Amino acid sequence: MRNPLRDPQDRRLPRIPEPCALVIFGVTGDLSRKKLIPAVYDLANRGLLPPGFVVLGFARRDWGDGDFESLAYEAAKKGARTPWREDVWARLADNIKFVAGSFDDDAAFDTLASSLDELRASHGIAGNAAFYFSIPPVAFPVVLKQLARTGMADNESSGGWRRVVVEKPFGYDMATAKELNRLVDSVFTADDVFRIDHYLGKETVQNILALRFANSLFEPVWNSKYVDHVQITMAEDVGIGTRAGFYDGAGAARDVLQNHLLQLLAMFAMEEPTSFDPSEIRAEKLKVLKAVSVPKDIEADTVRGQYLPGWVAGERAVGYLEEKNIPAESTTETYVAVKLAIQNRRWAGVPFYVRCGKRLPRRVTEIAIVFKKAPHLPFDPADVEMLGHNQLVVRVQPDEGMVLKFGSKVPGTTMEVRDIAMDFQYGEAFTESSPEAYERLVLDVLVGDRTLFPDAAEVEQSWAVIDPLEEVWAGTTPEPYRAGEWGPRAADELLAREGRTWRRA
């Protein structure tokens with residue numbers, strides 16, 4: 001219930017959800033243990049959870065509440081961002097429950113439904129519950145059908161709100177995404193579906209909106225008149241880990257280009273919304289995604305790569321084909337670089353170079369806007385040999401912050417101009433550390449704020465970009481690159497043909 005004495009414009013008080021339950025399917029998996037449970041503890045430690053809050057785990061384990069509480073304790077203590085406080089955990093531990101069963105077990109879901117009904121009285125949750133799908137996408141349909149069968153997805157019969165959180169990937173292509181969206185929206189109302197992309201929960205990604213729309217400094221040059229090109233990079237120094245089963249059937253484009261990187265592009269290139277209402281922001285992002293065009297010559301303007309054995313950070317790394325459970329003849333890409341365009345007045349003629357890959361030299365995600373050079377330089381050519389393009393770089397991770405690169409005179413008796421950088425880092429500018437992405441997103445689900453969650457139209461439009469690429473790539477062999485390199489040589493040639501180079505991330 002909202003406090004009638006609180007001014008909606010007063011941002012000093014934190015957003016605290018109504019009493020509710022968070023039901024986690026697949027609660028013993030990596031995502032739950034490494035991200036969700038620590039996020040719940042950190043929210044509790046910051047005083048952002050209501051007294052009537054319950055974590056209800058569901059998994060195929062012969063456990064009781066105490067067994068699950070022990071696992072949750074270890075996971076929270078290991079992954080917590082905020083200082084560990086036993087008194088905070090003690091309050092949480094009293095509200096941790098577990099239901100054992102498989103997804104096709106009707107009796108287990110009947111037990112889950114009755115457990116939620118009991119919590120209505122015992123913990124005052126008034127029928128409010130969010131269902132988090134920390135499970136493989138192949139299991140979504142059976143779980144959704146169980147929630148529909150038991151009535152757990154129905155707001156009216158529950159007497160409160162019922163929401164569902166769906167992790168990416170949202171389908172395998174346009175057709176499967178549409179089918180998944182149809183199924184989810186047939187069980188839950190559209191406003192109660194939260195398609196989570198954890199990149200949108202990062203402070204630096206949200207700061208793109210502040211950078212764009214809270215400052216008059218950048219808007220005049222945020223267009224094709226001044227921008228030469230944009231580079232979006234998501235580099236990982238790790239391999240596929242234990243994800244072979246999923247990754248080999250997906251590849252880099254389906255794994256991160258379709259969701260994380262196209263969402264970054266949309267937020268970076270969108271027009272100013274009329275307000276910060278979630279529907280207004282999503283409408284502007286959707287306009288950008290609809291304006292994205294793939295290259296006319298996909299073979300020439302895209303690059304697929306697959307890592308070979310090499311060295312990363314001084315350690316020997318095996319090649320993709322030597323990874324556990326990867327077929328020896330696999331042609332799945334672990335690297336993608338693609339030249340995209342946005343066909344609207346603001347960005348016409350500005351190429352967007354997007355790349356992502358595994359086993360690259362270091363972990364970094366950034367967006368770099370590279371400006372055109374000044375139309376006239378009244379200096380001697382020798383004085384500006386070291387002067388490059390002005391750049392504004394948004395670092396998403398790690399070392400979250402921004403860099404502004406511009407030319408300045410070198411101290412001395414001659415007029416020598418070279419590039420320098422002004423560097424803003426979150427850790428140095430603010431006393432409060434940034435919350436982990438899942439903290440923000442879990443809280444948004446519980447308070448019902450859909451601002452940072454893509455809707456069905458955005459998901460399907462993203463697949464409209466990826467599907468044509470996958471169609472051309474089918475049956476082709478990716479370019480090799482050694483682990484520890486910045487991708488295949490063809491990726492450098494992609495930019496070199498137009499006199500450009502990748503920014504050294």
Side-chain angles (χ1 to χ4, degrees), residues 8-9 11 14-15 168 194-224 226-227 230-234 259-292 340 342 344-347 350 352 354 365-369 371 391-397 399-404 424-427 429-430 432-445 447-455 457-459 461-462:
Q9 299 301 314
R11 304 303 296 272
R15 301 178 304 164
K168 66 105 178 166
F194 291 73
R195 296 167 180 85
I196 192 168
D197 184 332
H198 72 267
Y199 259 57
L200 300 188
K202 295 180 180 293
E203 284 288 336
T204 37
V205 174
Q206 297 164 53
N207 196 42
I208 294 172
L209 300 180
L211 178 75
R212 289 285 315 279
F213 307 127
N215 301 291
S216 61
L217 174 64
F218 301 111
E219 181 62 23
V221 297
W222 210 269
N223 54 61
S224 60
Y226 296 99
V227 176
V230 177
Q231 297 182 22
I232 303 178
T233 296
M234 178 182 172
N259 39 75
H260 298 334
L261 296 185
L262 286 181
Q263 283 290 319
L264 289 181
L265 182 149
M267 293 186 74
F268 187 84
M270 64 186 274
E271 297 296 324
E272 182 177 355
T274 56
S275 71
F276 256 52
D277 181 82
S279 62
E280 297 294 334
I281 292 176
R282 289 198 300 272
E284 296 301 335
K285 286 164 58 185
L286 182 59
K287 289 179 185 177
V288 173
L289 292 172
K290 286 182 175 180
V292 172
L340 298 173
I342 299 178
N344 61 22
R345 182 179 290 271
R346 180 183 293 271
W347 296 114
V350 177
F352 282 70
V354 183
T365 300
E366 67 174 33
I367 307 170
I369 186 167
F371 295 96
Q391 298 178 14
L392 178 64
V393 184
V394 177
R395 290 194 306 264
V396 177
Q397 67 178 15
D399 304 324
E400 292 88 347
M402 289 184 294
V403 176
L404 180 62
F424 151 68
Q425 296 189 34
Y426 269 86
F430 299 103
E432 182 176 351
S433 62
S434 299
E436 213 277 339
Y438 279 93
E439 278 180 66
R440 169 67 188 269
L441 295 175
V442 168
L443 181 62
D444 282 354
V445 170
V447 298
D449 185 343
R450 300 175 66 233
T451 304
L452 300 177
F453 297 84
D455 64 9
E458 288 180 67
V459 171
Q461 196 60 46
S462 295

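This is a predicted model, so every value here is computed, not measured. Below, all heavy atoms of this structure are taken into account, side chains as well, without hydrogens, waters or symmetry copies.
Put simply, the side chain of Tyr438 reaches to within 4.5 Å of the side chain of Ile196, judged on heavy atoms. A heavy-atom distance below 4.5 Å is not found between the side chains of Val221 and Ile369. The side-chain heavy atoms of Arg282 and Pro454, taken from C-beta on, include no pair separated by under 4.5 Å. Residues Ile281 and Met270 form a side-chain contact, since some pair of their non-hydrogen atoms from C-beta on lies under 4.5 Å apart. A 4.5 Å side-chain heavy-atom check between Phe453 and Leu441 finds at least one atom pair inside the cut-off. Residues Asn223 and Val350 have side chains not in contact (no heavy-atom distance under 4.5 Å, counting atoms from C-beta outward). At least one side-chain heavy atom of Ile367 sits less than 4.5 Å from a side-chain heavy atom of Val230. At least one side-chain heavy atom of Gln461 sits under 4.5 Å from a side-chain heavy atom of Leu286.
Residues Glu366 and Gln231 bring no donor and acceptor atom of their side chains to less than 3.5 Å of each other.
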### Task
Using the side chain to side chain contact (heavy atoms under 4.5 Å, CB included) rule, take Leu265 and Ile342 through it: C-alpha gap first, then chi angles, then the decisive distance, then the call.
CA-CA 10 Å; Leu265 182 149; Ile342 299 178; 3.8 Å; yes
#### Entry: Val227 and Trp347: CA distance, side-chain angles, deciding distance, side chain to side chain contact (heavy atoms under 4.5 Å, CB included) verdict
CA-CA 9 Å; Val227 176; Trp347 296 114; 4.1 Å; yes
### Task
Before giving the answer on side chain to side chain contact (heavy atoms under 4.5 Å, CB included), spell out for Leu340 and Leu262 the whole-Å C-alpha distance, their side-chain angles and the decisive distance to 0.1 Å.
CA-CA 10 Å; Leu340 298 173; Leu262 286 181; 4.1 Å; yes
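Ring planes of His198 and His260: perpendicular class, angle over 60° (limits at 30 and 60°). Using the six-membered ring where Trp is involved, Trp222 and Phe268 have ring planes that are tilted, between 30° and 60° apart.
A salt bridge links Lys285 with Glu458: the distance from a Lys NZ or Arg NE/NH1/NH2 to an Asp or Glu carboxylate oxygen falls below 4.0 Å. Ion pairing of Lys202 with Glu400 is absent here, as no side-chain N (NZ or NE/NH1/NH2) approaches a carboxylate O to less than 4.0 Å. Using a 4.0 Å cut-off between a side-chain N of Lys or Arg and a carboxylate O of Asp or Glu, Glu271 and Lys287 do not qualify as a salt bridge.
In this structure, the separation between CG on Leu289 and OG on Ser462 is 4.5 Å, given to the nearest 0.5 Å. The distance from the CE atom of Met234 to the OH atom of Tyr199 is 3.5 Å, given to the nearest 0.5 Å. Rounding to the nearest 0.5 angstrom, the gap separating the CD1 atom in Ile208 from the CZ atom in Phe213 is 10.0 Å. Taken from CG in Asn344 to OG in Ser224, the straight-line distance is 9.0 Å, to the nearest 0.5 Å. Considering CE of Met267 and CG of Leu209, their distance stands at 3.5 Å, rounded to 0.5 Å. From Gln263, atom CD reaches atom CG of Leu200 across 5.0 Å, with rounding to the nearest 0.5 Å.
Listed by chain and residue number, Ser275, Ser279, Glu280 satisfy the side-chain contact (heavy atoms from CB on, under 4.5 Å) test with Asp277 (two or more places apart in sequence, or in another chain). Shown here are the side-chain contact (heavy atoms from CB on, under 4.5 Å) partners of Gln206, two or more places apart in sequence or in another chain: Arg440, Leu452.
The minimum heavy-atom distance between Pro278 and Thr451, with the atom names listed, is CG-OG1, 3.2 Å. The two residues Arg395 and Thr204 make their nearest non-hydrogen contact at O-CG2, 3.1 Å.
Ring pair Tyr226/Phe371: centre-to-centre distance not below 6.0 Å.
In this structure, Asn207 contributes its side chain and Ala210 its backbone to no donor-acceptor pair below 3.5 Å.
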